[in-house]
Amino acid sequence: MNAPPSPAGFSLLDEAWIPALDNGGRCRDLSLREMFDQAGEVRMIACELPTQTFAILRLALAILHRATDGPSGEAAWLALWRDRRLPAADISDYLGEFRDRFDLLHPEQPFYQVADLRASNDGPYGLERLIADVPNGLQFLTTRAGAGMASITPAEAARWLVHCQAYDPSGIKTGAVGDARVKSGKGYPIGAGSLGWLGGVYLEGATLLETLLLNLVPVAPAWQRADERDAPVWERAPQSSAEESDTTRGPFGLLSLYTWQSRRVRLFGDAIAITGAMVSNGDRLDWQDRQLLEPMSVWGRSAPREREQKVIPVYLPRPHDHGRALWRGLQTLLPAPPQPGAEPPQRLSPMVLQRLARLTVAEVVEPDFRVRTRAVSISYGAKQAVIDEVFSDALTMNVLLLVDQSELRVTAIDAAADAETAVNVLRGLADNLARAAGSRDQDSGEAERAAERAYAVLDHAFRNWLAGLGPDSEPATERAAWQRLVRRAVGRLGGELVAAAGPAAWIGRVGKDRAGKDVHYSSSQADAWFRAGLAKALPMAAEVPQQKQEEAV
């Protein structure tokens, strides 16, 4: 059995445990106090996993919300934004008030843990229960196998503890004594951690200070449904092993959500090394229709729940599509224009984006301000019992793209659609070349391989093009330039496919088209269809004849 925590303690307020990248590009670890004090000198929180970064950012926001007393409204937030400052004295006083609750190894109320958590068949407990990149039973996938799993530092344990509360997979957990849900010593699945259901989105500024302020959504009736019971977990009585009741656990507001205890955890070790962790079931969270409370996720309507509950609309958080770059779903990410009297929208953009759009319209945020929108989500395996993949992507864009009446917004969405249409034309070329070569398999994979190459080529180009849009951009000119870039890139890929098609495709053969008519498929005919399709898909990419260019001059 592992030894109980040492009374020596490990204060998250004073000990360095949060990895950060400073404005000079150097990595360093910061304590919670240092993170707030040096936020203007730090570029970003930079953890081992993007999900870890997201979870720690939300922890920092919970502290900042409490230290700013909300902030109580837009005016209070605006004062912080204009001065680009954090209320250092208020943050210091607040953290000092709850100092003991931020001790990772406190004997009675350890941070994010239950001090006396135990199982009927007590220990030993391995660290694989805590660390997300060590799937229990699949250790051959990890870089920590062997001696690397014997212990970790308290700093690393603190990061994984925050991550565990947010993203721990479902599955059978160690049954905690005192939890009425336990059967035969086992805690049966209650679902993944609270953030595992989200299509997480947050805004990154030029510094961590800007990032914190951009995601600090003021508490106001128009934005959130919260009440006086809303408080972070460290302001409440220490939790026991039992699940909290619906009437006491909430969530009652942002602070409840940002510090939600999806698991009951106990770390074993001391201030030198953490040697084990017991992880049991904690509190379940039903995310239905919490889009006015949770500001950092994409939301979508749930047709099954609407049919079951006979209510319209019903919204649930939507994880990101891990198979698509973020720019390819740009339309669902950006705030949708209002549609009075129409059907409720199928998708809702994150509140942090909606709010930044409002601040831009109100000229609180400068029209030339660029922000990085970062997306984070996680996908689980069978029955959410293991982590399959972590997704992270980001787009740098001018704030005008968030405004529903902005021509730049329409231009960016149309440009993303231009790329999709052109890639579909390339798919058609690959299919036609396969037919010309004699393939009878309509799902040979050639079309998708060609599409993957095209998206890889266009990915960097679109990000750069999008980041270059600003208040001085002329929408029609910018879109025409993008279409020309797409036509050159996709056209070059198409030419390579035709050149590699081989003699059989050059000779060709007769086949049936979609209408059932006989058509002669050959590489030259496929190329002609491709060039015509590309010209139709990208009409603004047409080259201006030399004579007309000279006349224009």
Side-chain angles (χ1 to χ4, degrees), residues 74 77-78 81 198-205 210-211 213-218 220-225 254 287 289-301 313-321 324-377 393-417 462-463 466-467 469-471 473 475 478-479:
E74 293 294 351
W77 180 88
L78 181 56
W81 178 253
L198 302 187
V201 173
Y202 64 97
L203 302 173
E204 280 186 347
E210 284 192 353
T211 297
L213 291 179
L214 286 169
N215 295 284
L216 185 69
V217 180
W223 287 102
Q224 302 159 32
R225 293 194 295 259
L254 278 181
W287 279 107
D289 292 333
R290 298 197 188 275
Q291 67 274 13
L292 295 180
L293 188 63
E294 169 54 60
M296 305 171 81
S297 180
V298 177
W299 297 80
R301 285 176 56 180
V314 171
Y315 287 105
L316 292 174
R318 288 287 183 249
H320 302 292
D321 183 346
R324 284 163 48 107
L326 189 60
W327 64 268
R328 292 177 57 196
L330 189 61
Q331 186 168 9
T332 60
L333 179 68
L334 298 179
Q339 299 176 353
E343 181 79 4
Q346 290 296 323
R347 288 264 179 168
L348 297 175
S349 67
M351 191 190 300
V352 289
L353 290 181
Q354 296 180 40
R355 177 172 173 268
L356 185 55
R358 289 185 173 93
L359 293 173
T360 303
V361 172
E363 300 182 350
V364 171
V365 173
E366 303 82 357
D368 60 349
F369 185 76
R370 280 180 169 78
V371 67
R372 179 177 288 258
T373 302
R374 186 167 292 280
V376 179
S377 69
D393 198 357
L395 290 174
T396 299
M397 65 181 76
N398 181 273
V399 289
L400 292 176
L401 271 72
L402 304 176
V403 179
D404 56 50
Q405 300 299 326
S406 167
E407 289 186 60
L408 280 187
R409 178 186 184 279
V410 175
T411 299
I413 291 172
D414 289 344
F462 186 88
R463 294 173 192 276
L466 186 72
L469 297 180
S473 300
E478 296 290 351
R479 188 177 175 200

Check whether more than 12 heavy atoms from other residues, nucleotides or ligands sit under 6.0 Å from atom CD of Glu210, and answer yes or no.
->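 Yes, the 6.0 Å shell around CD holds more than 12 heavy atoms from other groups.
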For atom CD of Glu343, is the number of surrounding heavy atoms from other residues, nucleotides or ligands below 6.0 Å larger than 12?
->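 More than 12 within 6.0 Å, yes.
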Residue pair [X] / [Y]: nearest heavy atoms and the distance that separates them:
X: Ala357; Y: Pro335; answer: CB-CG, 4.4 Å
X: Ser377; Y: Gly199; answer: CB-CA, 4.3 Å
X: Arg324; Y: Asp321; answer: CD-OD2, 2.9 Å
X: Leu326; Y: Thr373; answer: CD2-O, 4.0 Å
X: Arg409; Y: Val403; answer: CD-O, 3.1 Å
X: Trp299; Y: Trp287; answer: CZ3-O, 3.4 Å

Heavy-atom side-chain contact between [X] and [Y] under 4.5 Å:
X: Leu400; Y: Pro471; answer: yes
X: Ser297; Y: Val201; answer: no
X: Leu214; Y: Thr211; answer: no
X: Leu466; Y: Thr396; answer: no
X: Met296; Y: Val217; answer: no
X: Thr360; Y: Phe369; answer: no

Output the distance between atom [atom1] ([X]) and atom [atom2] ([Y]), rounded to the nearest 0.5 Å.
X: His320; Y: Leu198; atom1: NE2; atom2: CG; result: 8.5 Å
X: Trp77; Y: Leu216; atom1: CH2; atom2: CG; result: 8.5 Å
X: Arg301; Y: Leu316; atom1: CZ; atom2: CG; result: 12.0 Å
X: Asp414; Y: Arg479; atom1: CG; atom2: CZ; result: 4.0 Å
X: Leu334; Y: Gln354; atom1: CG; atom2: CD; result: 11.0 Å
X: Ile413; Y: Thr332; atom1: CD1; atom2: OG1; result: 9.5 Å

Determine yes or no for a side-chain-to-main-chain donor-acceptor pair under 3.5 angstrom, with [X] supplying the side chain and [Y] the backbone.
X: Arg347; Y: Arg318; answer: no
X: Asn215; Y: Leu203; answer: yes
X: Arg370; Y: Ala467; answer: yes
X: Trp327; Y: Ala416; answer: no

Only one of Leu408, Asp404, Leu402 forms a side chain to side chain contact (heavy atoms under 4.5 Å, CB included) with Ser406, so which one is it?
->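 Exactly one option meets the side chain to side chain contact (heavy atoms under 4.5 Å, CB included) with Ser406, and it is Leu408.
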Partner set under side-chain contact (heavy atoms from CB on, under 4.5 Å) for Leu78, not counting sequence neighbours =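 Expected list: Arg82, Val364.
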Is there a side chain to side chain contact (heavy atoms under 4.5 Å, CB included) between Leu330 and Leu395 once you walk through the steps?
-> CA-CA 10 Å; Leu330 189 61; Leu395 290 174; 3.9 Å; yes
So does Arg463 pair up with Asp393, basic N to acidic O under 4.0 Å?
->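 The answer is yes: the pair qualifies as a salt bridge.
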Look at Arg355 together with Glu74 and state whether they make a salt bridge at an N to O cut-off of under 4.0 Å.
->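 A salt bridge links Arg355 with Glu74.
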Tyr315: partners by ring-ring contact (aromatic ring centres under 6.0 Å, His included), with sequence neighbours left out |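 Counting only residues at least two positions away or on another chain, Tyr315 forms no ring-ring contact (aromatic ring centres under 6.0 Å, His included).
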